[in-house]
J.: 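Got a structure for you, questions after.
Small disclaimer: the values here were computed from a predicted structure and weren't measured. Letters A, B, ... mirror the listed sequences (proteins, then strands); counts begin at 1.
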Number of protein chains: 4
Amino acid sequence: MCRLLAYVGDPILLAHLVLWPDRSIIKQSYDAQERKMNPSLPSHLCHGNLNGDGFGIGWYSQEGSDTSPCVFTSVTPAWNNDNLARLSRKITSQLIFAHVRAAYPGMPVSEQNCHPFMWGRYMWMHNGVVGGFSKIKRRIVALLSDEAYNTVASFHSDSAASFALFLHHLPSMTAPQSPDVLLQAMQEEMEATSETSLLNFVVSDGNTVIATRYVSPDTEEPASLYFAE
Amino acid sequence: MCRLLAYVGDPILLAHLVLWPDRSIIKQSYDAQERKMNPSLPSHLCHGNLNGDGFGIGWYSQEGSDTSPCVFTSVTPAWNNDNLARLSRKITSQLIFAHVRAAYPGMPVSEQNCHPFMWGRYMWMHNGVVGGFSKIKRRIVALLSDEAYNTVASFHSDSAASFALFLHHLPSMTAPQSPDVLLQAMQEEMEATSETSLLNFVVSDGNTVIATRYVSPDTEEPASLYFAE
Amino acid sequence: MCRLLAYVGDPILLAHLVLWPDRSIIKQSYDAQERKMNPSLPSHLCHGNLNGDGFGIGWYSQEGSDTSPCVFTSVTPAWNNDNLARLSRKITSQLIFAHVRAAYPGMPVSEQNCHPFMWGRYMWMHNGVVGGFSKIKRRIVALLSDEAYNTVASFHSDSAASFALFLHHLPSMTAPQSPDVLLQAMQEEMEATSETSLLNFVVSDGNTVIATRYVSPDTEEPASLYFAE
Amino acid sequence: MCRLLAYVGDPILLAHLVLWPDRSIIKQSYDAQERKMNPSLPSHLCHGNLNGDGFGIGWYSQEGSDTSPCVFTSVTPAWNNDNLARLSRKITSQLIFAHVRAAYPGMPVSEQNCHPFMWGRYMWMHNGVVGGFSKIKRRIVALLSDEAYNTVASFHSDSAASFALFLHHLPSMTAPQSPDVLLQAMQEEMEATSETSLLNFVVSDGNTVIATRYVSPDTEEPASLYFAE
């Protein structure tokens with residue numbers, strides 16, 4: 001169960017979101033007071049308010065020759081990463097993602113497993129857990145088109161499989177899509193899960209941002225997600 | 001296309017294989033004169049005699065309460081890794097694996113992708129490439145029992161999938177097996193590939209070591225593999 | 001302000017100290033309830049009960065051709081390090097150090113800055129802070145013999161400088177020393193500090209272990225250090 | 001002995017220098033045909049045309065609230081670093097440094113030891129070696145003002161000490177300086193060395209770039225350095 005942040009608006013220095021605020025994403029890496037405990041885990045496997053299993057930032061830029069975002073990930077904690085501190089002081093963007101990770105016990109910590117994930121013009125983050133993922137994984141992966149299957153480095157994590165499933169539900173993975181179509185793909189992606197799940201997803205194509213806050217069954221409390229305009 | 005080393009015999013300090021010889025595995029990390037170029041790659045993607053995309057060592061030990069080997073992997077090159085130099089000067093074993101990796105272009109470099117892979121009592125290394133893997137991957141993965149499917153962190157690499165397929169062909173993944181049975185599982189694993197492939201595999205259960213040197217089609221030259229007794 | 005552990009006794013699997021106990025050093029990496037806050041730091045720079053800025057283990061072994069210990073360090077947190085989990089399940093020793101680090105703000109996180117430090121037959125760990133180190137550093141470093149000056153990779157940290165100063169106070173840095181002589185070198189090393197300091201040091205030559213628990217001024221409470229026989 | 005690159009001119013995507021050219025800095029990381037062998041090293045310690053001991057990029061940006069550059073460094077080789085590939089495709093600058101490192105044997109590989117170094121408005125890179133550095137290090141470090149002494153994380157490397165010495169020779173480390181003053185500080189810095197040395201330095205304050213190509217004694221060939229306008 002991680003913490004994440006998305007910003008869309010006037011171009012802003014990343015440090016204003018990542019480094020300097022009282023409740024910055026770096027603060028969330030070592031003191032996330034609202035981090036929800038994974039209900040399927042014994043408490044001794046939950047490392048309290050800690051999101052120290054790597055991190056990632058992503059942003060869209062006017063620079064470069066394609067529509068893809070730029071992503072920087074690392075396996076070390078956000079709070080002691082000098083590259084993160086330096087980059088965030090010198091990069092501005094109008095659409096920014098940031099994510100600090102608390103790996104599910106047994107899940108590998110690698111740069112490839114850090115969010116945001118990217119493919120083509122899309123960025124994807126997840127805070128939560130797809131319940132019973134190990135049991136439904138093969139069924140989910142079998143649904144994917146070859147094109148979607150080949151997008152992500154590994155299907156070991158529920159977050160990566162969810163992103164592939166979202167891409168699978170797009171009419172075209174490469175052509176631009178309207179906000180309505182993105183929303184529908186997100187809904188179809190979320191229908192694939194059935195058990196107790198916490199599905200706070202954020203996706204963007206560089207123009208639209210879709211963020212979900214979802215729990216199943218709805219007798220549970222979803223993970224917190226704040227929204228300001 | 002990597003380089004690898006396996007030793008079975010009297011207990012020996014790892015440094016005698018890893019650090020000190022003229023053709024040590026560390027030497028192979030920056031000057032592997034017999035590293036075979038991947039025939040399916042354009043030459044500008046082949047980094048000459050270099051195996052600098054991480055490494056791993058594995059060994060069986062009398063210590064500990066189970067039959068599993070011990071594995072140490074890292075994403076940095078073997079030649080500048082202080083932990084490797086220190087560990088290899090102070091650990092002895094009678095059955096040792098070492099592997100320096102040249103990642104296929106586009107394959108992620110992570111500790112989880114470094115060989116040797118381990119599961120239960122087994123260690124596995126690969127030098128070579130399963131030809132056309134991206135095209136046959138879904139078919140191979142579909143063959144696996146759930147138990148074998150869940151063994152490896154990622155099926156993105158041909159080496160990881162090959163290991164899972166080997167485990168799948170064992171009568172039992174947890175019970176000890178005779179050398180003949182291990183050999184048969186290896187043969188069945190290798191039959192799953194059809195295109196141009198270089199399959200130098202090494203597997204051990206702590207007692208037996210099986211090493212293959214194979215190329216398909218047999219008009220090609222296989223990757224070199226030396227054997228001394 | 002870190003947490004550390006030293007063991008001397010019958011050979012024991014490292015996992016019994018590092019992985020498995022309720023208050024293992026891994027538990028200390030994310031939930032060190034007695035971690036003392038650095039009195040010279042504003043509270044918002046103290047990351048609570050967290051020691052996630054790298055770690056190290058060291059042990060003496062009968063293997064190998066010299067009297068040096070073996071040390072494994074990493075910049076990632078102890079709680080998610082697969083190499084640590086694997087090594088500690090398969091290595092036994094009669095003299096073991098372990099250390100989880102909370103870096104002083106601004107101090108670099110690198111493998112070379114992780115404890116235990118080693119030189120020749122010696123291992124060294126520190127939990128605490130040399131008060132006003134930035135002001136007395138040049139004076140301390142100037143005291144050192146060339147031989148001691150060249151031992152440690154960096155004098156940026158108070159812990160590394162303290163180790164060099166300890167080595168400097170030995171009659172010979174290479175010849176074996178009696179426990180009394182080691183103790184005296186430790187005392188002379190500690191006299192070099194004057195301001196508010198927390199000096200829990202542990203040093204060993206493979207036979208003797210010296211551990212200090214010290215605070216200056218003595219109106220303060222020293223960092224906790226437990227001792228069992 | 002490393003390879004380095006500096007660019008000043010119209011804003012350009014970093015990938016045009018780092019990723020895409022035939023002789024990009026990434027190519028230099030695994031195939032630096034003009035890498036000069038260190039004359040003071042036995043040949044078996046020279047890893048041929050390899051600069052795989054970490055890398056760094058730095059650039060000046062109009063973004064952010066101060067005059068400091070942005071620097072990204074990593075201990076892994078440039079050729080397999082996904083963050084480098086992604087960042088360089090999305091960042092433009094009018095003043096860019098890039099450096100691939102071949103560490104002197106025994107020198108630690110850490111992010112802090114990767115070039116470019118930065119302090120305040122300055123970036124610094126070095127390709128070469130200060131001859132007999134271990135013998136003159138204490139004398140050089142003793143020359144430094146406290147302000148210059150405290151700039152760099154470690155004085156273990158000749159490159160870091162050279163940068164501190166350059167800063168020491170500035171009339172003020174914080175006020176802007178004219179090109180003439182920068183040049184003079186560079187000259188005074190270089191006079192501190194006497195033995196066989198290869199001193200290809202590059203320094204910038206965001207406006208001026210000074211690059212040196214120097215060998216001592218002048219009967220030797222300096223390391224290659226190309227210049228295009």
J.: Restricting to non-hydrogen atoms, name the atom on A:Phe117 and the atom on A:Ala160 that form the minimum distance, rounded to 0.1 Å.
T.: CE1-N, 3.8 Å

J.: Can you tell me how the ring of A:Phe166 sits relative to the ring of A:Phe163, calling it parallel under 30°, perpendicular over 60° and tilted otherwise?
T.: parallel

J.: Relative to chain A, which segment of D:Leu87 carries a heavy atom at a distance below 4.5 Å: side chain, backbone, both, or neither?
T.: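 Both parts, backbone and side chain.
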
J.: For chain A, which of D:Ser65, D:Gly64, D:Ser74 has the most heavy-atom pairs under 4.5 Å?
T.: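 Among D:Ser65, D:Gly64, D:Ser74, the one with the most close pairs to chain A is D:Gly64.
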
J.: Does the plane of the ring in A:His99 sit parallel, tilted or perpendicular to the ring in A:His115? Use 30° and 60° as the thresholds.
T.: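 Taking A:His115 first and then A:His99, their aromatic rings lie parallel (interplane angle under 30°).
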
J.: So which part of D:Glu111 gets closer than 4.5 Å to some heavy atom of chain A, the side chain, the backbone, both or neither?
T.: side chain

J.: So, for D:Phe72 and A:Phe72, is the gap between ring centers shorter than 6.0 Å?
T.: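 Here the rings of A:Phe72 and D:Phe72 have centres that are less than 6.0 Å from each other.
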
J.: Would you mind checking which part of D:Pro11 comes under 4.5 Å of any heavy atom in chain A, side chain (CB onward), backbone (N, CA, C, O), both or neither?
T.: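 Answer is neither: D:Pro11 stays 4.5 Å or more from chain A.
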
J.: Between D:Thr92, D:Leu13, D:Val71, which has the largest tally of heavy atom pairs under 4.5 Å with chain A?
T.: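 That would be D:Val71.
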
J.: Mind checking the CG-CG spacing from D:Leu170 to D:Leu182? Nearest 0.5 Å is all I need.
T.: 6.5 Å

J.: Between D:Asp66 and chain A, with a heavy-atom cut-off of 4.5 Å, which part of the residue counts as in contact: side chain, backbone, both or neither?
T.: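 Both backbone and side chain.
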
J.: Between atom CD of D:Glu147 and atom CE of D:Met173, what is the distance when rounded to the nearest 0.5 Å?
T.: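 Here the rounded value is 4.0 Å.
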
J.: Side chain, backbone, both or neither: which part of D:Ser68 has a heavy atom under 4.5 Å from chain A?
T.: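 Both parts, backbone and side chain.
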
J.: Looking at D:Lys90, D:Arg89, D:Glu63, which has the largest count of heavy-atom pairs under 4.5 Å with chain A?
T.: D:Lys90

